[in-house]
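Each remark here refers to the structure printed beneath this line.
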Amino acid sequence: FLLFIKASFTIKSIFSTWALAAKSGTYPPNSLWTSNWLDIIFDSIFGTPDPLFWIMDAAVSSQLVSIPSIKGSFCIILFLIKRLNYNYAIYRNFMKRKKLIIGSRASKLALIYANRVKDEISKYFNQEIIIKKITTKGDTKIDIRLSEIGGKGLFSKNIEEELLEKNIDIAVHALKDLPSFETKGLKTNCFLKRNSSNEVLISNSKKKLKDLVPGSIIGTSSFRREFQLRNIRKDLNFKLIRGNIDTRIKKLKNGEYDAIILSKAGLISLEMDHEITEEFTNSEIIPSAGQGTIAVQCRDDDHEINEFLKK
């Protein structure tokens with residue numbers, strides 16, 4: 001809309017200038033009128049000359065010298081204006097919706113993420129916003145490593161199915177839980193500001209990694225974390241731990257482990273970062289790709305949602 005207004009004022013300004021030139025008897029050749037002012041508009045609005053079309057120079061007078069004749073600029077301006085009107089119509093239709101349904105895992109941390117997305121959306125959408133809790137395979141299989149039952153996607157597949165079946169309008173994920181390749185028919189190109197991507201250690205004795213007693217039991221469900229920690233301390237033992245963050249901390253305090261490794265972002269969101277014993281930099285322990293980032297996913301063909309998320 002703003003681009004259209006700018007174009008209108010630019011056109012008016014150019015016509016006014018040419019009207020003055022006409023009064024002094026310096027009309028440009030008729031064939032140059034359209035192409036010339038459209039090229040000037042293109043340059044004025046976007047701040048760059050039009051590189052897409054060939055140029056012919058034509059000297060007409062001392063006041064209008066070497067007017068470029070740009071072929072095709074008219075089509076570009078029309079396309080841009082029509083595109084702006086199309087996008088605005090889609091956005092306007094979205095705002096007429098009576099409600100919006102967000103799909104999320106049912107864990108405490110996942111719901112915090114979903115509510116953050118809800119808060120952001122509510123700044124622009126004043127209708128009802130519902131968060132639908134969805135149980136995933138990763139939530140039910142808590143006694144085995146994720147890599148042994150499918151790996152990436154176990155926390156997202158069920159939510160994506162709900163999205164594809166149009167039972168929800170958008171899905172909220174921890175980006176690190178998503179597979180590397182996008183699911184067909186879905187699009188993930190909206191993200192909230194990234195939280196910390198660092199890994200942290202929580203130990204019962206409040207000792208840092210280098211100070212833990214040899215043979216100490218470290219809880220982790222990630223081969224990535226285990227491999228890197230073994231390179232630092234080969235004398236430690238590693239044991240599988242699954243469950244939500246508060247569940248893992250409870251197991252630690254019950255004496256099942258001497259220390260556990262978690263992501264800092266989750267602890268901050270749950271306001272449990274006071275439990276942290278030691279924080280590792282990305283160079284000390286490389287985090288999972290996308291760790292600390294909340295991703296918003298929608299259907300690829302839902303143009304109204306796509307246009308809204310761009311806002």
Side-chain angles (χ1 to χ4, degrees), residues 101-118 120 130-200 219-227 240-251 260-270 272 285-300 309:
I101 302 176
I102 299 173
S104 167
R105 289 174 59 198
S107 71
K108 186 187 298 185
L109 181 58
L111 291 174
I112 288 174
Y113 291 164
N115 275 291
R116 284 184 188 172
V117 173
K118 178 181 177 180
E120 289 298 316
I130 300 170
I131 295 177
K132 181 178 180 179
K133 301 176 185 178
I134 301 169
T135 301
T136 69
K137 188 176 181 180
D139 294 314
T140 57
K141 301 288 185 178
I142 59 173
D143 56 350
I144 191 171
R145 287 184 187 272
L146 296 177
S147 57
E148 295 178 16
I149 54 174
K152 292 276 187 180
L154 290 173
F155 288 117
S156 61
K157 186 176 180 181
N158 297 86
I159 300 174
E160 290 184 331
E161 288 174 351
E162 290 282 301
L163 186 56
L164 288 169
E165 292 171 6
K166 299 184 178 181
N167 295 324
I168 58 176
D169 297 305
I170 63 174
V172 176
H173 305 280
L175 184 58
K176 69 181 181 64
D177 292 336
L178 290 175
S180 300
F181 297 98
E182 187 78 273
T183 300
K184 185 177 181 181
L186 300 179
K187 178 186 291 186
T188 309
N189 62 354
C190 181
F191 311 92
L192 298 192
K193 184 178 179 180
R194 190 174 192 177
N195 203 329
S196 172
S197 60
N198 291 354
E199 305 278 24
V200 298
T220 178
S221 62
S222 166
F223 279 127
R224 170 185 54 79
R225 287 170 174 164
E226 181 178 335
F227 175 80
L240 174 68
I241 185 171
R242 288 288 315 280
N244 299 325
I245 289 178
D246 46 355
T247 300
R248 297 188 189 197
I249 291 177
K250 184 177 180 180
K251 288 180 179 181
I260 57 175
I261 301 292
L262 298 170
S263 70
K264 184 180 180 181
L267 289 164
I268 291 174
S269 296
L270 290 168
M272 300 179 72
I285 299 181
I286 300 172
S288 175
Q291 185 161 295
T293 303
I294 301 171
V296 181
Q297 188 179 46
C298 65
R299 289 182 295 277
D300 192 46
L309 291 178

Query - Heavy-atom side-chain proximity of L270 to D246 below 4.5 angstrom - result: no
Query raised in the report: Within the distance-only criterion (no hydrogens, no angle test), does the side chain of N158 pair as donor or acceptor with the backbone N or O of K137 below 3.5 angstrom?
Result: yes
Query - Whether R105 side chain and H173 backbone form a donor-acceptor pair below 3.5 Å - result: no
Report task. Using a 4.5 Å cut-off on heavy atoms from C-beta on, say whether the side chain of I159 contacts that of T136. Result -> yes
Query raised in the report: Does the side chain of E162 come within less than 4.5 Å of E165's, by heavy atoms?
Result: yes
Query raised in the report: Below 4.5 Å, heavy atoms only, C-beta onward: do L192 and T293 meet side chain to side chain?
Result: no
**Report entry** Working for side chain to side chain contact (heavy atoms under 4.5 Å, CB included), residues L109 and N244
**Finding:** CA-CA 8 Å; L109 181 58; N244 299 325; over 6 Å; no
Query raised in the report: Would you find a donor on one side and an acceptor on the other, under 3.5 Å apart, between the side chain of S222 and the backbone of R225?
Result: yes
Report summary line: Heavy-atom nearest pair, S156 first then P179, reads OG-CD, 3.9 Å
**Report entry** Residue pair S269 / Y113: nearest heavy atoms and the distance that separates them
**Finding:** OG-CE2, 3.6 Å
Query raised in the report: Taking all non-hydrogen atoms of both residues, which atom of G219 and which atom of I241 are closest, and how far apart?
Result: C-CG2, 3.3 Å
Query raised in the report: In Å, rounded to the nearest 0.5 Å, how long is the span from NZ of K157 to CD1 of I134?
Result: 14.5 Å
Query raised in the report: So do I112 and N115 actually touch side chain to side chain, heavy atoms under 4.5 Å?
Result: no
Report task. Rounded to the nearest 0.5 Å, what's the gap from CD on E226 to CD1 on I261? Could you check? Result -> 11.0 Å
Query raised in the report: Which pairs pass salt bridge (Lys or Arg N to Asp or Glu O under 4.0 Å) with one or both residues in residues 179-193, sequence neighbours excluded?
Result: K187-D300
Report task. State, with a plain yes or no, whether a side-chain heavy atom of I130 is found less than 4.5 Å away from one of I102. Result -> no
Report task. Report yes if the side chains of L267 and L262 come closer than 4.5 Å at any heavy-atom pair, otherwise no. Result -> yes
Query raised in the report: Can you list the steps and then say if K264 with E199 is a salt bridge (charged side-chain N to carboxylate O under 4.0 Å, His left out)?
Result: CA-CA 6 Å; K264 184 180 180 181; E199 305 278 24; over 6 Å; no
Query raised in the report: Atom OG in S263, atom CD in Q291: separation rounded to 0.5 Å?
Result: 4.5 Å
Query raised in the report: Which value, rounded to the nearest 0.5 Å, describes the distance between L175 atom CG and R194 atom CZ?
Result: 8.0 Å
**Report entry** Over all atoms of both residues, closest heavy-atom pair of L309 and C298
**Finding:** CD1-SG, 4.0 Å
Query raised in the report: Between atom OG of S107 and atom NZ of K133, what is the distance when rounded to the nearest 0.5 Å?
Result: 10.5 Å
Report task. Under the side-chain contact (heavy atoms from CB on, under 4.5 Å) rule, collect the residues that match up with I286, sequence neighbours excluded. Result -> Q228
Report task. Count the heavy atoms belonging to other residues, nucleotides or ligands that lie under 6.0 Å from NZ of K132, then report whether that count exceeds 12. Result -> yes
Query - Over all atoms of both residues, closest heavy-atom pair of R224 and S288 - result: CZ-N, 3.5 Å
**Report entry** S196 versus A265, closest heavy-atom pair with distance
**Finding:** O-CB, 3.3 Å
Query - Other residues, nucleotides, ligands: >12 heavy atoms within 6.0 Å of F191 CZ - result: yes
Query - Any P287 side-chain heavy atom under 4.5 Å of N198 side chain - result: no
Query - Among I168, D169, I170, side-chain contact (heavy atoms from CB on, under 4.5 Å) partner for R299 - result: D169
Query raised in the report: T247 side chain to G243 main-chain N or O, any donor-acceptor pair under 3.5 Å?
Result: no
Query raised in the report: Does the T183 side chain pair with the main chain of L186, one donor and one acceptor, at a distance under 3.5 Å?
Result: no
Query raised in the report: Can you tell me how far the CG atom of N195 sits from the OG atom of S197, to the nearest 0.5 Å?
Result: 9.0 Å
